[in-house]
Amino acid sequence: MSNSSSSINQFLLLAFADTRELQLLHFSLFLGIYLAALLGNGLIIITIACDQHLQTPMYFFLLNLSVLDLGCISTTVPKSMANTLWDTRAISYTGCVVQLFFFVFLISTEFCLLTLMAYDRYVAICHPLHYGTLLGSRACVHMAAAAWASGLFYSVLHTANIFSLPLCHGNAVDQFFCEIPQILKLSCSGTYLREIGVIVVGACLFFGCFVFIVVSYVQIFRAVLRIPSEQARHKAFSTCLPHLAVVSLFVSTSFFAYLKPPSISSLLLDMVVSFLYSVVPSAVNPLIYSMRSQELKDAMWKLKTGCFQAATK
């Protein structure tokens with residue numbers, strides 16, 4: 001690690017507000033979103049883990065998605081809330097490294113998992129007779145493990161690369177958490193070509209996943225439209241719509257965050273877009289799945305009823 005990097009013992013994150021009233025408003029907003037994400041994702045995890053009827057590949061992947069969403073929002077929001085409450089902008093150098101590592105790890109794993117979920121829907125609708133063979137319990141565990149391992153490898157590569165760069169432009173990060181583009185802005189000019197190479201490789205892999213998802217859904221829609229029964233078509237679409245909505249939210253916000261033209265970039269826009277892709281999906285995803293999946297709603301109701309009956313005995 002370079003001398004200029006090692007001389008920095010903390011970073012200064014971007015504050016949402018400079019008056020105490022707005023700071024408390026920001027704290028309350030983030031607290032509400034965080035509690036909603038904890039409740040929604042926690043309920044999905046408990047419901048899937050406890051209900052035998054939900055022990056299927058689709059819900060196994062959804063359980064993993066909820067764990068990732070919990071981790072992702074817990075990586076950024078609590079620190080931002082704590083800084084707002086104590087009226088500070090500081091995050092330690094080690095804290096920034098850990099935050100960036102876990103954020104990249106979880107967000108990369110989530111995109112890999114969304115790709116697997118698209119494959120699950122493709123096999124279920126286009127090749128239903130082979131569903132049990134292609135997506136057996138062992139195959140699902142192996143695929144989920146591969147997604148987690150891919151995210152871990154990519155995050156280690158990014159984190160080690162970024163924090164080995166010499167930092168020559170101070171320690172003020174123009175974001176409410178330690179984000180790759182903002183840390184790169186602090187590095188010395190001409191020293192981040194190696195990191196650009198890592199980003200390009202990652203972008204190619206993510207683009208490959210995105211193309212796989214699009215092609216899967218093209219095949220799914222073609223297969224569904226050939227189903228003669230309107231009721232069967234509606235049921236097939238209803239199993240795909242939650243995943244499609246989650247993918248659309250994740251891809252649109254994250255792609256815009258990293259691919260928007262520099263000419264329209266500003267502190268406020270960067271902060272809003274980062275908030276949309278790093279915080280909002282974790283809180284909204286449980287709502288999307290619980291509203292669209294009748295099986296999940298029934299299982300949640302049964303769980304709540306069982307807990308209420310146990311409490312009243």
Side-chain angles (χ1 to χ4, degrees), residues 33 36-37 39-45 47-48 51 53-70 72-73 107 109-132 134-135 140 143-144 147 206 209-256 276-277 279-303:
I33 293 172
L39 178 63
N41 287 292
L43 190 57
I44 286 178
I45 292 169
T47 303
I48 295 174
D51 196 306
H53 295 96
L54 299 183
Q55 305 302 310
T56 65
M58 182 175 76
Y59 290 109
F60 169 74
F61 291 134
L62 178 56
L63 186 148
N64 278 264
L65 181 66
S66 293
V67 172
L68 288 167
D69 282 336
L70 273 180
C72 194
I73 197 169
I107 211 82
T109 305
E110 182 160 337
F111 195 55
C112 293
L113 191 69
L114 289 173
T115 307
L116 293 178
M117 294 174 80
Y119 175 69
D120 167 69
R121 293 298 84 210
Y122 165 74
V123 175
I125 293 173
C126 299
H127 303 283
L129 298 178
H130 302 288
Y131 189 71
L134 295 174
L135 285 161
C140 289
M143 286 190 286
F206 286 132
C209 291
F210 176 69
V211 170
F212 182 87
I213 292 172
V214 171
V215 172
S216 296
Y217 271 102
V218 169
Q219 297 299 319
I220 288 170
F221 289 146
R222 288 177 60 187
V224 170
L225 292 174
R226 288 198 296 265
I227 298 175
S229 168
E230 184 178 348
Q231 186 177 1
R233 281 201 303 271
H234 180 268
K235 184 178 181 181
F237 271 128
S238 67
T239 63
C240 297
L241 287 178
H243 176 257
L244 195 57
V246 168
V247 169
S248 300
L249 177 65
F250 181 87
V251 170
S252 59
T253 53
S254 58
F255 274 31
F256 184 74
L276 288 176
Y277 90 89
V279 176
V280 172
S282 297
V284 173
N285 288 353
L287 187 62
I288 293 173
Y289 272 98
S290 60
M291 285 179 63
R292 296 299 308 179
S293 173
Q294 189 61 44
E295 279 184 313
L296 189 59
K297 282 194 288 188
D298 293 342
M300 285 181 174
W301 179 253
K302 189 168 68 175
L303 180 67

Between F60 and L135, does the side chain to side chain contact (heavy atoms under 4.5 Å, CB included) criterion hold? Intermediate values first, please.
CA-CA 11 Å; F60 169 74; L135 285 161; over 6 Å; no

Working for side chain to side chain contact (heavy atoms under 4.5 Å, CB included), residues S216 and Y119:
CA-CA 7 Å; S216 296; Y119 175 69; 5.6 Å; no

Would you please test I125 and C240 for side chain to side chain contact (heavy atoms under 4.5 Å, CB included) and show each step?
CA-CA 9 Å; I125 293 173; C240 297; 3.2 Å; yes

In sequence, state the C-alpha distance, the side-chain angles, and the governing distance for F61 and R121, and then conclude on side chain to side chain contact (heavy atoms under 4.5 Å, CB included).
CA-CA 11 Å; F61 291 134; R121 293 298 84 210; over 6 Å; no

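Not counting sequence neighbours, the partners of F206 by the ring pair (Phe, Tyr, Trp, His ring centres under 6.0 Å) test are F111, Y154.
Between A236 and V224, the closest heavy-atom pair is CB-CG2, 3.8 Å. Closest approach of P128 and C126 over heavy atoms only: CD-C, 3.4 Å. A pairwise comparison of heavy atoms in Y217 and L244 identifies OH-N, 3.8 Å as the closest pair. Listed here is the closest heavy atom pair of L249 and P281: CD2-CA, 3.9 Å. Residues C140 and P57 come closest through the heavy atom pair SG-CB, 3.5 Å. Heavy atoms only, all atoms of each residue included: Y277 and S254 are closest at CB-N, 3.7 Å.
Residues I45 and L70 have side chains in contact (heavy-atom distance under 4.5 Å, counting atoms from C-beta outward). Side-chain contact check for Q219 versus R222: some heavy-atom pair is nearer than 4.5 Å. Residues T47 and Y59 fail the side-chain proximity criterion, which asks for heavy atoms closer than 4.5 Å.
Checked against the 6.0 Å centroid criterion, the rings of Y122 and H127 qualify as a close aromatic pair.
Rounding to the nearest 0.5 Å gives a distance of 9.5 Å between CG of L116 and CD1 of I213. Here the CE-CG distance, from M143 to D120, works out to 7.5 Å after rounding to the nearest 0.5 Å. Considering CG of L68 and CD1 of I73, their distance stands at 13.0 Å, rounded to 0.5 Å. With rounding to the nearest 0.5 angstrom, the CG atom of L63 is 12.5 Å from the CE atom of M58. With rounding to the nearest 0.5 Å, the separation of CG in L65 from CE in M117 is 5.0 Å. Here the straight-line distance linking atom CG of N285 with atom CG of N41 works out to 7.0 Å at 0.5 Å rounding.
Side chain of D69 to main chain of A37: no donor-acceptor pair is present (N/O by atom type, distance under 3.5 Å, no hydrogens or angles). In this structure, the side chain of Q55 engages the main chain of I48 through a donor-acceptor pair within 3.5 Å.
Atom CZ of R233 sits in a crowded spot, with more than 12 heavy atoms from other residues, nucleotides or ligands closer than 6.0 Å.
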